[in-house]
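Let me begin by presenting the structure, written as structure tokens, before commenting on it.
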Amino acid sequence: MVGRALCVDLTVMARPLRQSLITGVVVAGFIAATTHSVPVAASTVVAMAAYLYMYGVFANDEVGGWGPFRMTLPCSRRDLVLCRYVGVLVVVAADAVVCTLVALAVVCLASPLGGAHGVLDGLTSLVFSPEELLVSVCLTMTSLLVAASVLLPLIVRLGVTKGTRITSMVVLLLPILGFTTLAPLLGDRTAPMAAPPPLAVALALAVALALYGMSALVSVRLFETRSM
């Protein structure tokens, strides 16, 4: 039943996702051109698509009576909530794979063209290691899953209109509280921090997935007590 509800959501969000892909390509081009960092550009597109789907699919519930109509589908409330969590995870994973492959194709093209008699020397700045790309994308996925774990229960319980007002404060306050808490512990660090090792990134992603799963269980309980 979760798969059936997920297919409905993906069908409804197909057009917005295609539009976000076009927008993401344009934004990624500007980011890559200005920062000379393809991993940063790829990670930005992953984040854009994930947030668009997460807020867009819930916003549809409050447009044209779509939310009450979903309740008439042969699916339980548990299935309706879990399909949203699975949908966000599918979009994030699929977008990460596509962006990674496109970024690797860019570096494969930039490497030989950049050394062609110095004509396209600017392309050499786009060259990066595959490890750098994977770390950047995985860190983006980790931050997205942690953010979704906090935001989705609020949206499920309050709806996207009311929930967005609170989630906006959460998104603003969490980094501020985290920085003010960690700043005294970190001290004055003017040197740039080294990139985290892949094993630490993989561990952080696993923890984020576990937190995401617990968030889904909380959202199921909240949605079962919500009156539509």
Side-chain angles (χ1 to χ4, degrees), residues 2-70 73 75 80-107 109 126 133-134 136-152 154-156 158-168 170-172 212 216 219:
V2 175
R4 183 180 301 175
L6 177 61
C7 289
V8 173
D9 281 345
L10 292 177
T11 301
V12 172
M13 291 297 296
R15 184 176 179 180
L17 285 175
R18 288 196 297 267
Q19 293 174 345
S20 72
L21 179 61
I22 298 174
T23 305
V25 170
V26 176
V27 172
F30 279 108
I31 293 176
T34 55
T35 65
H36 302 287
S37 176
V38 174
V40 172
S43 300
T44 302
V45 177
V46 174
M48 286 179 56
Y51 277 111
L52 171 73
Y53 181 85
M54 185 171 66
Y55 281 100
V57 75
F58 280 100
N60 286 332
D61 291 343
E62 301 179 9
V63 176
W66 177 249
F69 173 75
R70 288 181 73 244
L73 297 176
C75 302
L80 294 177
V81 173
L82 292 181
C83 83
R84 294 287 168 86
Y85 273 80
V86 175
V88 172
L89 197 59
V90 168
V91 170
V92 171
D95 201 31
V97 171
V98 172
C99 290
T100 300
L101 293 178
V102 172
L104 291 176
V106 168
V107 73
L109 292 174
L126 299 179
L133 173 64
L134 292 177
S136 178
V137 172
C138 287
L139 285 177
T140 301
M141 293 177 63
T142 300
S143 62
L144 286 172
L145 292 176
V146 172
S149 300
V150 177
L151 302 180
L152 285 179
L154 296 173
I155 298 176
V156 167
L158 302 175
V160 71
T161 301
K162 295 181 180 178
T164 302
R165 300 171 187 169
I166 300 178
T167 57
S168 300
V170 172
V171 170
L172 291 174
Y212 191 70
S219 294

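Owing to the predicted nature of the structure, the values given are computational and were not obtained by experimental measurement.
Y53 and V88 get closest at one heavy-atom pair: CE2-N, 3.6 Å. Annotation for L52 and P16: closest pair CD2-O, 3.3 Å, computed over non-hydrogen atoms. Between A93 and M141, the shortest heavy-atom contact is CA-CE, 4.5 Å. Shown here for A96 and V46, the closest heavy-atom pair between the two residues is CA-CG2, 3.8 Å. Listed here is the closest heavy atom pair of L82 and A216: CD2-CB, 4.1 Å. Of all heavy-atom pairs spanning S136 and V40, the tightest one is OG-N, 4.3 Å.
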Can L144 and T140 be said to form a side chain to side chain contact (heavy atoms under 4.5 Å, CB included), step by step? CA-CA 6 Å; L144 286 172; T140 301; 4.0 Å; yes
I would like to know whether M13 and N60 meet side chain to side chain contact (heavy atoms under 4.5 Å, CB included); could you show each step before the answer? CA-CA 9 Å; M13 291 297 296; N60 286 332; 3.4 Å; yes
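Inter-residue side-chain proximity for D9 and C83 is flagged as met; some heavy-atom pair is nearer than 4.5 Å. Within the 4.5 Å cutoff, no side-chain heavy atoms of R84 are placed close to those of L6. For the pair V12 and V57, the minimum side-chain heavy-atom distance is 4.5 Å or more. Side-chain contact check for L134 versus T100: some heavy-atom pair is nearer than 4.5 Å.
A distance of 11.5 Å separates CG in L17 from CD1 in I22, rounded to the nearest 0.5 Å. To the nearest 0.5 Å, the span separating SG on C99 from CG on L21 amounts to 8.0 Å.
Of the possible polar contacts, none joining the T23 side chain to the S20 backbone as a donor-acceptor pair under 3.5 Å is found. Side-chain atoms of Y212 come within 3.5 Å of backbone atoms of Y85 as a donor-acceptor pair (strictly under, hydrogens ignored).
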